[in-house]
Amino acid sequence: MVVYLGVDRRWRHIQILKLVALHTAFWLGAWALVVPITARAADESYTVKRGDTIYTIARSYGIPPTVLAERNGLSRSFHVYAGQRLTIPASPVTRRPASATEAPAQNISPTALPRSIQRAIDQAPVRPGRWQYIVVHHSGVDTGTVKAMDHYHREVRHMENGLAYDFVIGNGSGMGDGEIAVGPRWTQQLDGGHLASEAQNKVAIGICLVGNFDECRPTPREMDSLRALVKALMARCQLTPHAVKTHQQINIVHTRCPGAKFPASSFLDSLQSPGR
Ligand SMILES: [Zn+2]
């Protein structure tokens, strides 16, 4: 939506913005003076607990929240969720000079989501209560790309919004092994097209893993990506593990999806433990 302001109102608007900027600068300066600096020789890792905010964590380590947010690639909402692992940067006094060519240290863990995916999850305009379920599917074929699925759903299944799922996870054939693709149904918060019931499509996020899991199991990387993605979506949409279903568990007509070799019970159990 474009908002047109009259000249007077626009001038006032600019004055208000200047005031806000001054206040921010003042408080950041005050922060540096007031908060005691605890020296850390090296980066540390911190797992977010329930009730934490970026501000409480930053304060406890004596660093500005903006520094902590930037270091962890958080979106402008500064949103953190329980179980998320943050890097606490080393103190500036003991830190080696930053080199332009040095890649930032990344928390490589089996459950880490790529920053671009976390950002897409954070930045989508999710209304409170919008989603009740996260549903797991398989593609039913050994190879798959988002483009091919989108074409199939748009042209053959006549879905005007194309790709029926919100997310697709590759198996190394067509897409990278464990690669996550974000579809427009998620970014634009459109209803799904992946369940037989239209009522369920309105409240269920769809994730499709490439592969035919009647024939073979999903790859370990697909499962790692699925677990990380589902956990991030649960946090973003304030859902419990009970909201996570396989297509077979939720569909109103029988389906084998996501296949007999999809490890449904061990996957659903693994969502119950907070850290992993
Ligand atoms: Zn399915």
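All ligand and atom numbering here is 1-based and tracks the order in the structure.
- Summary: ND1 is the N/O/S atom of H137 found nearest to the Zn ion (ligand 1).
- Considering just the N/O/S atoms of H247, the one nearest the Zn ion (ligand 1) carries the name ND1.
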Could you go through the side-chain hydrogen bond (donor to acceptor under 3.5 Å, both in side chains) check for T219 and N171 one step at a time? CA-CA 6 Å; T219 70; N171 67 346; over 6 Å; no
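- Aromatic ring orientation, F213 versus H138: tilted (interplanar angle from 30° to 60°).
- Among the atoms of H194, no N, O or S atom falls under 2.8 Å of the Zn ion (ligand 1).
- Aromatic ring centroids of H194 and H137 lie under 6.0 Å apart.
- Distance check for C257 against the Zn ion (ligand 1): an N/O/S atom falls below 2.8 Å.
- With values rounded to the nearest 0.5 angstrom, C208 atom SG is found 11.5 Å from D166 atom CG.
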